[in-house]
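Only one structure is covered here, and it is reproduced in the block below.
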Amino acid sequence: MDALAGLLEGPRARGAFMIRACFEPPWSVRVEDRAPLTVMLMVRGEAWVMPDAGDRSDTGVPPAEGRERVRLRAGDLAIARGPDPYTCADDPGTEPQALILPGGECRYPDGRSLNGVMDLGVRTWGDRLDGSAVMLIGTYLWQGEVSGRLLDALPPLLTLTPEVWDCPLTPLLMTEIVRDEPGQEVVLDRLLDLLVIAALRAWFARPEAAAPGWYRALADPVVGRVLRLLQDDPAHPWTVASLAAKAGVSRAALGRRFTELVGEPPMTYLTGWRLALAADRLREGDATLEAIARQVGYGSAFALSSAFKRVYGVSPQEHRGRGV
């Protein structure tokens, strides 16, 4: 498994929030749901996506990288990285008419409940079923730390146009998102996973992409092999010497090359990967701390707990409780 696949291999979508949004101008929706990742696929018409602290042309201050407002046209895809809020609208000047809060709660801007008012059918929401603007939206609700390395490398908002990546999943998503059959939630979860992985792969593959060090390092014949060894078998008692032997280089050469490409030494990377896996498994199920420690390469629950608290600032038990 490579690191990009690792984004969703552990904390895959589980009951993700997916809707087809249909609007006729003027329309505007303010999103403050604090979700870690949201995908927006423009099927028909146009829309503006505006992160907070985006365009500030009126002040003369340029927006921060990844916070520029963007105009989506049919076929365009956008991914918003949480938890910062943003606004979707037909025009930047349109005032929000709805507010989306955590847990899928929907309200008018003045605080009155809007739940159910704009429902148009199965997973369909908006003001007109035949509206000129149609967008498919998928939102991940989990906070799994396995994807933390990748999410940290993403801007608050990224976009892909059909010239860069023509989404082959659009017809299937349009069909499946409005179906109401047994097991449909699982079907949509897996489609969302596939959409995100394929879109991010295309985004990182752009010539101008500022991909994170570990992603670029996967193409290196030495460091890429070592990364895959660490990701595929984190429980193995790896040492720099054993990794160097697998890669066919000296320990010193591996240390220099790995740090140069990834940004940290091999053992530091391994510690972060093990703890990220542990963090996600703590929230995914009810395995004991001792069992998780063995799965991710720690000799005891005490050793894992000490390392976990040093890095995350809370005990594994506290971390598990926050995910409930």
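- Judged purely by atom type and a 3.5 angstrom limit, His319 uses its side chain to pair as donor or acceptor with the backbone of Ala279.
- The pair Arg30-Glu32 meets the salt-bridge criterion, with a side-chain N (NZ, NE, NH1 or NH2) lying under 4.0 Å from an Asp/Glu carboxylate O.
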Show the numbers, then the answer: is there a side chain to side chain contact (heavy atoms under 4.5 Å, CB included) between Val296 and Arg281? CA-CA 10 Å; Val296 301; Arg281 291 178 187 183; 4.0 Å; yes
**Prompt:** Taking it one step at a time, do Leu282 and Leu289 satisfy side chain to side chain contact (heavy atoms under 4.5 Å, CB included)?
**Reply:** CA-CA 8 Å; Leu282 283 164; Leu289 188 58; 4.2 Å; yes
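- Atom CG of Asp286 is surrounded by 12 or fewer heavy atoms from other residues, nucleotides or ligands within 6.0 Å.
- Side-chain contact check for Leu173 versus Val43: every heavy-atom pair is 4.5 Å or farther apart.
- Taking 4.5 Å as the limit, some side-chain heavy atom of Ile79 sits within range of a side-chain heavy atom of Leu37.
- With hydrophobic clusters built from ILVMFWY side chains whose heavy atoms lie under 4.5 angstrom apart, Leu172 shares a cluster with Val187.
- Inspection of the Asp189 and Tyr140 side chains reveals no N or O donor paired with an N or O acceptor under 3.5 Å.
- How far CG of Leu270 is from CG of Leu243: 7.5 Å, rounded to the nearest 0.5 Å.
- Between Gln97 and Ser28, the side chains place no donor N or O within less than 3.5 Å of an acceptor N or O (distance only, hydrogens not considered).
- Using modelled atom types, one finds a donor on one side chain and an acceptor on the other under 3.5 Å when comparing Thr239 with Ser242.
- Looking at Glu290 and Tyr298, their side chains never bring a donor and an acceptor atom within 3.5 Å of each other.
- With hydrogens and angles disregarded, a donor-acceptor distance shorter than 3.5 Å links the side chain of Arg225 to the backbone of Lys246.
- In this structure, the separation between CH2 on Trp48 and SG on Cys88 is 12.5 Å, given to the nearest 0.5 Å.
- The only option from Glu46, Met40, Arg20 that meets the side chain to side chain contact (heavy atoms under 4.5 Å, CB included) definition with Met135 turns out to be Met40.
- Judged purely by atom type and a 3.5 angstrom limit, Thr124 has no side-chain atom pairing as donor or acceptor with the backbone of Leu120.
- Nearest approach of Val178 to Arg123, heavy atoms of both residues: C-NH1, 4.4 Å.
- Looking at heavy atoms from C-beta onward, Ile292 lies out of side-chain contact with Leu277 at the 4.5 angstrom threshold.
- Neither Val39 nor Val186 shares a network with the other; the hydrophobic side chains, linked directly or stepwise wherever heavy atoms of I, L, V, M, F, W or Y lie under 4.5 Å apart, form separate groups for each.
- With hydrogens and angles ignored, the 3.5 Å screen pairs no side-chain donor or acceptor of Arg190 with any backbone N or O of Glu185.
- For Pro266 against Leu254, the heavy-atom pair with the smallest separation is CG-CG, 4.5 Å.
- We find the CD-NZ distance between Gln317 and Lys309 to be 9.5 Å, quoted to the nearest 0.5 Å.
- Using the six-membered ring where Trp is involved, Trp238 and His236 have ring planes that are tilted, between 30° and 60° apart.
- Between Arg44 and Ser132 the shortest side-chain heavy-atom distance does not fall below 4.5 Å.
- Closest heavy-atom contact between Trp27 and Ala133: NE1-CB, 4.0 Å.
- Under a 3.5 Å cut-off, the side chain of Arg228 and the backbone N or O of Leu218 do form a donor-acceptor pair.
- Although no hydrogens or angles enter the test, the distance criterion places no donor-acceptor pair under 3.5 Å between the side chain of Arg206 and the main chain of Ala202.
- Two residues are said to be in side-chain contact when any heavy atoms from C-beta on lie closer than 4.5 Å; Cys167 and Leu41 meet this criterion.
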message = Walk me through whether Thr271 and Leu275 qualify under side chain to side chain contact (heavy atoms under 4.5 Å, CB included).
response = CA-CA 6 Å; Thr271 296; Leu275 293 177; 4.0 Å; yes
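- Residues Glu68 and Leu157 share a closest heavy-atom pair of O-CD2, 3.9 Å.
- Open room surrounds CD on Glu95; 12 or fewer heavy atoms of other groups in view lie less than 6.0 Å from it.
- Aromatic pair Trp125/Phe23: ring centres closer than 6.0 Å.
- You'll find the side chain of Leu77 reaches within 4.5 Å of the side chain of Leu195, heavy atoms only.
- The CG atom of Leu154 sits 6.0 Å away from the CG atom of Leu158 when rounded to the nearest 0.5 Å.
- Cluster annotation: Met118 and Leu99 are assigned to distinct hydrophobic clusters (Ile/Leu/Val/Met/Phe/Trp/Tyr, side-chain heavy-atom contacts under 4.5 Å, transitive).
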* Would Phe258 and Leu227 satisfy side chain to side chain contact (heavy atoms under 4.5 Å, CB included), going step by step from the backbone distance to the final call? -> CA-CA 9 Å; Phe258 195 101; Leu227 279 170; 3.8 Å; yes
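- For the pair Arg107 and Glu105, the salt-bridge criterion is met [side-chain N within less than 4.0 Å of a carboxylate O].
- Across every non-hydrogen atom of Arg320 and Ala287, the tightest pair is NH2-O, 2.8 Å.
- With contacts defined as side-chain heavy-atom distances shorter than 4.5 Å, the pair Val31/Pro85 does not qualify.
- Note that the CD1 atom of Ile19 and the CD1 atom of Ile137 stand 4.0 Å from one another [nearest 0.5 Å].
- Shortest non-hydrogen contact noted between Trp273 and Pro234 is CD1-CB, 3.9 Å.
- Checking Thr259, Val226, Leu230 one by one against Tyr269, the side chain to side chain contact (heavy atoms under 4.5 Å, CB included) holds for a single residue, Leu230.
- Atom CD of Glu24 is separated from atom CG of Asp130 by 7.0 Å, given to the nearest 0.5 angstrom.
- Between Arg73 and Asp76 no salt bridge is recorded (no basic side-chain N to carboxylate O distance below 4.0 Å).
- Although no hydrogens or angles enter the test, the distance criterion places a donor-acceptor pair under 3.5 Å between the side chain of Gln184 and the main chain of Glu176.
- Using a 4.0 Å cut-off between charged nitrogen and carboxylate oxygen, Arg257 and Glu260 do not count as a salt-bridge pair.
- Grouping the Ile, Leu, Val, Met, Phe, Trp and Tyr side chains by contacts below 4.5 angstrom, directly or via other members, places Tyr86 apart from Leu101.
- In this structure, Pro25 and Asp91 have side chains that are not in contact, with every pair of non-hydrogen atoms separated by 4.5 Å or more.
- Under the 4.5 Å side-chain heavy-atom criterion for ILVMFWY residues, no single connected hydrophobic cluster contains both Phe308 and Phe302.
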